[in-house]
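To start, the structure itself, in structure tokens.
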Amino acid sequence: MKIATWNVNSIKARLENAVSWFREAKPDIACLQELKCEDSAFPTAAFEDLGYHCLVHGQKTYNGVAILSRMQPEDVRRGLPGDETDSQARYLEAVFSIPSGVVRVASLYLPNGNPVGTEKFAYKLAWMNRFENHVRHLLKLEEPCVLAGDYNVIPEARDARNPEAWLGDALYQPESRSKFRDLINLGLSDAIRQIHGDEAGLYTFWDYQAGAWQRNNGIRIDHLLLSPQAADLLADAQIMRDVRAQDRPSDHVPVMISIK
DNA sequence: ATGACATATGAGATATGA
């Protein structure tokens, strides 16, 4: 059972690239972020042709998340609870039947938060607080749960090629990293770390600018956090970095796990 | 280095991203 997360940076601009990746990687469930389109503009037919159900929570121009799956989604939740005034499409959750039982999967696009010191950074921290509250609720269910997405947080220095360059950035602020650790301390497992230990040089994002890819100036900000019941099932986790070298790539690459 | 690069909107220049 393969579950992936990928910030595509516009599904319409990435369609050819994405279809090619789905054909080769064959994920059973794929969480996508930064669709940058409304539900009605999502290229549903292209993915249905590949055998996927398309669960889409879109928004014009910005944000937008989706879960594409071989199985029918059930018990769907659109949007992160905790603030009825928040209209940004950054959270989508559903339950899927799998051979070993069920798995709950969330596709999330955590706010970037730059520049630090503005209301954008306050929104990021508030969103992380709301997310933590929701995770507390999910953990009480005691079921396999995979929280996958673009967290926009560099957890540790080893998760950046040049950590000192990110000191003033919202992705590497002490508050952002502390809130991320709070999630881990609730009992969630970072799938890449569970499989790869303290290995350095594991990145999921390379900026389009200044030859970041060519210089391997990357950061690890796309994560799959697992409930204890999902962590027990984890068999593998890989960053698909070759995707960054393709024509017209997203600045993020897919991360895919395999669970029993 | 208030940059670079990519995308959406909309038809030029601006907002956003990380």
Side-chain angles (χ1 to χ4, degrees), chain A residues 5-19 21 31-43 56-66 86-91 107-128 131 148-177 179-180 192 201-223 239 241 243-255:
Chain A
T5 182
W6 188 16
N7 178 322
V8 294
N9 186 18
S10 171
I11 190 60
K12 286 190 281 186
R14 212 66 57 214
L15 185 56
E16 191 177 344
N17 196 279
V19 166
W21 178 76
C31 300
L32 305 180
Q33 301 89 34
E34 276 211 271
L35 305 178
K36 294 187 174 180
C37 69
E38 296 178 298
D39 291 8
S40 58
F42 187 88
V56 179
H57 183 42
Q59 180 179 342
K60 190 173 183 175
T61 310
Y62 307 120
N63 310 318
V65 289
D86 183 5
S87 58
Q88 298 192 32
R90 296 179 175 275
Y91 188 85
S107 179
L108 62 111
Y109 177 44
L110 210 148
N112 170 307
N114 279 305
V116 174
T118 67
E119 60 185 28
K120 290 189 175 184
F121 190 61
Y123 175 66
K124 176 181 192 140
L125 296 180
W127 203 97
M128 293 185 85
F131 183 56
D150 176 358
Y151 280 72
N152 268 319
V153 175
I154 303 166
E156 300 180 63
R158 66 169 69 92
D159 296 311
R161 175 65 177 266
N162 298 120
E164 62 283 353
W166 297 92
L167 287 173
D169 196 285
L171 281 60
Y172 197 56
Q173 286 306 291
E175 297 96 326
S176 309
R177 298 170 59 199
K179 289 307 301 178
F180 185 86
I192 285 290
L202 300 171
Y203 311 132
T204 66
F205 169 91
W206 296 260
D207 201 290
Y208 288 122
Q209 301 182 63
W213 168 246
Q214 289 75 9
R215 298 162 188 245
N216 194 27
N217 181 16
I219 52 177
R220 191 174 73 95
I221 56 176
D222 299 273
H223 310 295
I239 297 170
R241 60 176 289 142
V243 173
R244 187 64 176 81
Q246 295 174 355
D247 288 339
R248 295 197 70 201
S250 168
D251 38 9
H252 299 248
V253 295
V255 185

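Each chain gets a letter, A, B and so on, in the order its sequence line appears, and its residues count up from 1.
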From CG of A:Asp251 across to P of B:dT16 the rounded distance in Å is 17 Å
Below 3.5 Å is the cut-off: list the nitrogen or oxygen pairs between protein and nucleotides 3-10 of chain B, distance only.
{"from": "B:dA4", "atom 1": "N9", "to": "A:Gln209", "atom 2": "OE1", "distance (Å)": "2.9"}
{"from": "B:dA4", "atom 1": "N7", "to": "A:Gln209", "atom 2": "OE1", "distance (Å)": "2.5"}
{"from": "B:dT7", "atom 1": "OP1", "to": "A:Arg14", "atom 2": "NH1", "distance (Å)": "3.0"}
{"from": "B:dT7", "atom 1": "OP1", "to": "A:Arg14", "atom 2": "NH2", "distance (Å)": "3.2"}
{"from": "B:dT7", "atom 1": "OP2", "to": "A:Arg248", "atom 2": "NH2", "distance (Å)": "3.4"}
{"from": "B:dT7", "atom 1": "O3'", "to": "A:Ser10", "atom 2": "OG", "distance (Å)": "3.3"}
{"from": "B:dA8", "atom 1": "OP1", "to": "A:Ser10", "atom 2": "OG", "distance (Å)": "2.4"}

Mind checking A:Lys120 for me? I need base, sugar-phosphate or nothing, with any heavy atom below 4.0 Å counting as a touch. sugar-phosphate
Just by distance, no angles: are the side chains of A:Asp86 and A:Tyr123 close enough, under 3.5 Å, to form a donor-acceptor pair? yes
A:Lys36 and A:Asn9 have their tightest heavy-atom pair at NZ-OD1, 3.0 Å
P-based separation of B:dA4 from B:dA13 [nearest Å]: 15 Å
Indicate, with a heavy-atom threshold strictly under 4.0 Å, whether A:Asp222 touches base, sugar-phosphate, or nothing. nothing
Atom C1', compared across B:dG12 and B:dA1: separation rounded to whole Å: 25 Å
Within the structure provided, determine whether A:Pro155 and A:His223 are in side-chain contact (heavy-atom separation under 4.5 Å). yes
Does B:dA18 have OP1 or OP2 sitting under 4.0 Å from an N or O in the side chain of A:Asn112? yes
So which pairs with a foot in residues 206-218 of chain A pass salt bridge (Lys or Arg N to Asp or Glu O under 4.0 Å), sequence neighbours left out? none
Checking all strands, does A:Asn152 fall into the base, sugar-phosphate, or nothing category for heavy-atom contacts under 4.0 angstrom? sugar-phosphate
A:Asn17-A:Asp247 side chain donor-acceptor pair, cut-off 3.5 Å: no
Can you tell me the distance, in whole Å, between the NZ atom of A:Lys124 and the P atom of B:dG17? 10 Å
Rounded distance (Å) that lies between atom C1' of B:dA15 and atom CD of A:Gln59: 14 Å
With sequence neighbours excluded, what pairs up with A:Asn216 under the side chain to side chain contact (heavy atoms under 4.5 Å, CB included) test? A:Arg161, A:Tyr203, A:Trp206, A:Arg241
To the nearest Å, give me how far apart CG (A:Leu110) and P (B:dT16) are. 18 Å
B:dG10 and B:dT16, which share atom name P, separated by this distance in whole Å: 15 Å
Using a 4.0 Å heavy-atom cut-off across all strands, classify A:Asn7 as base, sugar-phosphate, or nothing. sugar-phosphate
OP1 or OP2 of B:dA18 sitting under 4.0 Å from any side-chain N/O of A:Tyr109? yes
Does B:dA18 have its OP1 or OP2 closer than 4.0 Å to a side-chain nitrogen or oxygen of A:His252? yes
Relative to the ring of A:Phe131, is the ring of A:Tyr151 parallel (under 30°), tilted (30 to 60°) or perpendicular (over 60°)? perpendicular
